[in-house]
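Let me begin by presenting the structure, written as structure tokens, before commenting on it.
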Amino acid sequence: FDDAVEKIGADPMRWLYMRSNPAENMRFGYKLIDEVKRKLLTLYNIYTFFNTYVKKEELLSIDLNPSPKNILDKWILSKMDHLIGISEFNLEKYDVAKAVLAIEDFFINDLSLWYIRRSRKRFHEKTQDRSEAMSALYYVLLNTAKVISPIMPFFAEEMYQNLKTKSMPESVHLCDWPQFKK
């Protein structure tokens with residue numbers, strides 16, 4: 001275990017085991033871990049995309065409770081709120097695998113393949129539409145960091161530290177669980 005963690009990192013290893021149903025045989029192998037790391041790279045790329053187009057000083061002007069007009073922003077916020085509800089429900093039932101698979105599906109399909117691909121141009125222009133897109137993606141990334149923090153504490157903390165402002169708690173692990181909104 002120690003050799004594997006040293007070679008591939010603790011968070012990908014946690015993600016691999018948390019997404020496995022403990023009632024079934026758990027497999028391990030470096031090829032399997034490479035697949036997991038490739039999926040997690042999607043989340044890292046989304047986070048990097050945000051940091052590339054949104055400067056740290058712009059975070060102070062971002063609305064933490066966005067109410068956008070753009071249909072894409074409304075859609076991703078509703079998907080995020082749905083993910084919060086599903087994750088909370090499954091984690092309370094100790095069904096971590098379902099929660100992890102829902103989170104993974106969210107950041108690969110909904111966030112990366114749908115939202116980011118269709119909103120990419122909006123982040124290039126200094127317009128009101130850019131501000132709404134920034135607020136929506138900021139809300140999603142902050143809440144994603146909170147939702148993944150029990151599973152991948154190190155990456156969640158790194159994300160949170162780069163996204164937080166001075167008025168926020170010092171650590172993602174000191175934050176309240178995100179509130180589910182219908």
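Values reported hereafter were calculated over all heavy atoms of this structure, with side chains retained and with hydrogens, waters and symmetry mates removed.
From E132, atom CD reaches atom OG of S135 across 7.5 Å, with rounding to the nearest 0.5 Å. A distance of 9.5 Å separates OG1 in T48 from CE in M159, rounded to the nearest 0.5 Å. In this structure, the separation between CG on L113 and CG on D105 is 9.5 Å, given to the nearest 0.5 Å. Annotation: the span from L141 atom CG to N162 atom CG amounts to 11.0 Å, rounded to 0.5 Å. Here NZ of K7 is found 11.0 Å from CE of M13. Values are rounded to the nearest 0.5 Å. Residue E104 holds its CD atom at 12.0 Å from CG of L83, rounded to the nearest 0.5 Å.
The closest side-chain heavy-atom distance from I76 to W114 is not below 4.5 Å. You'll find the side chain of I148 reaches within 4.5 Å of the side chain of L43, heavy atoms only. Counting heavy atoms from C-beta outward, I86 and I103 have side chains that stay 4.5 Å or more apart. A heavy-atom distance below 4.5 Å is not found between the side chains of K74 and L77. Annotation: side chain of P178 is in contact with side chain of V147 (closest heavy-atom distance under 4.5 Å). Residues I33 and W15 fail the side-chain proximity criterion, which asks for heavy atoms closer than 4.5 Å. Residues F89 and K93 have side chains in contact (heavy-atom distance under 4.5 Å, counting atoms from C-beta outward). In this structure the side chain of T144 never reaches within 4.5 angstrom of the side chain of I46, judged on heavy atoms.
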Handout entry: Candidate pair V140 and F107, rule side chain to side chain contact (heavy atoms under 4.5 Å, CB included), full reasoning
Key = CA-CA 10 Å; V140 168; F107 69 72; over 6 Å; no
Handout entry: Step-by-step side chain to side chain contact (heavy atoms under 4.5 Å, CB included) determination, Y115 to K79
Key = CA-CA 11 Å; Y115 183 73; K79 293 298 262 184; over 6 Å; no
Handout entry: V96 and L91: CA distance, side-chain angles, deciding distance, side chain to side chain contact (heavy atoms under 4.5 Å, CB included) verdict
Key = CA-CA 5 Å; V96 180; L91 289 173; 4.1 Å; yes
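Listed here is the closest heavy atom pair of E157 and Q161: OE2-NE2, 2.5 Å. Scanning both residues, A4 and Y30, for their nearest heavy atoms gives CA-OH, 3.7 Å. A pairwise comparison of heavy atoms in K164 and E170 identifies CE-O, 3.8 Å as the closest pair. Residues V54 and R130 approach most closely at CA-NH2, 4.2 Å, considering heavy atoms. Shortest non-hydrogen contact noted between V172 and S149 is CG1-CB, 4.0 Å. Of all heavy-atom pairs between P12 and K37, the closest is CB-CG, 3.8 Å.
When the side chains of ILVMFWY residues are joined at heavy-atom separations under 4.5 Å, either directly or via intervening members, M18 and F154 end up in two distinct hydrophobic clusters. In the hydrophobic clustering of ILVMFWY residues, with side-chain heavy atoms under 4.5 Å counting as a link, V100 and I8 come out together. Under a hydrophobic-cluster definition in which Ile, Leu, Val, Met, Phe, Trp and Tyr are linked whenever side-chain heavy atoms come within less than 4.5 Å, directly or via other members, L16 and V5 are assigned to the same cluster.
Applying the 6.0 Å contact sphere to NZ of K56 captures more than 12 heavy atoms from other residues, nucleotides or ligands. Applying the 6.0 Å contact sphere to CD of E125 captures more than 12 heavy atoms from other residues, nucleotides or ligands.
A donor-acceptor pair under 3.5 Å is formed between the side chain of Y160 and the backbone N or O of P169. Panel note: side chain S78, backbone W75; a donor-acceptor pair is recorded below 3.5 Å.
The residues K31 and E35 are annotated as not salt-bridged, no charged nitrogen and carboxylate oxygen being separated by less than 4.0 angstrom. Residues D11 and R14 are paired through a salt bridge, judged by an N-O separation under 4.0 Å between the basic side chain and the carboxylate.
Sorted by first and then second residue, the pairs that involve residues 120-142 and meet ring pair (Phe, Tyr, Trp, His ring centres under 6.0 Å), not counting sequence neighbours, are F49-F123, F50-Y138, Y53-H124.
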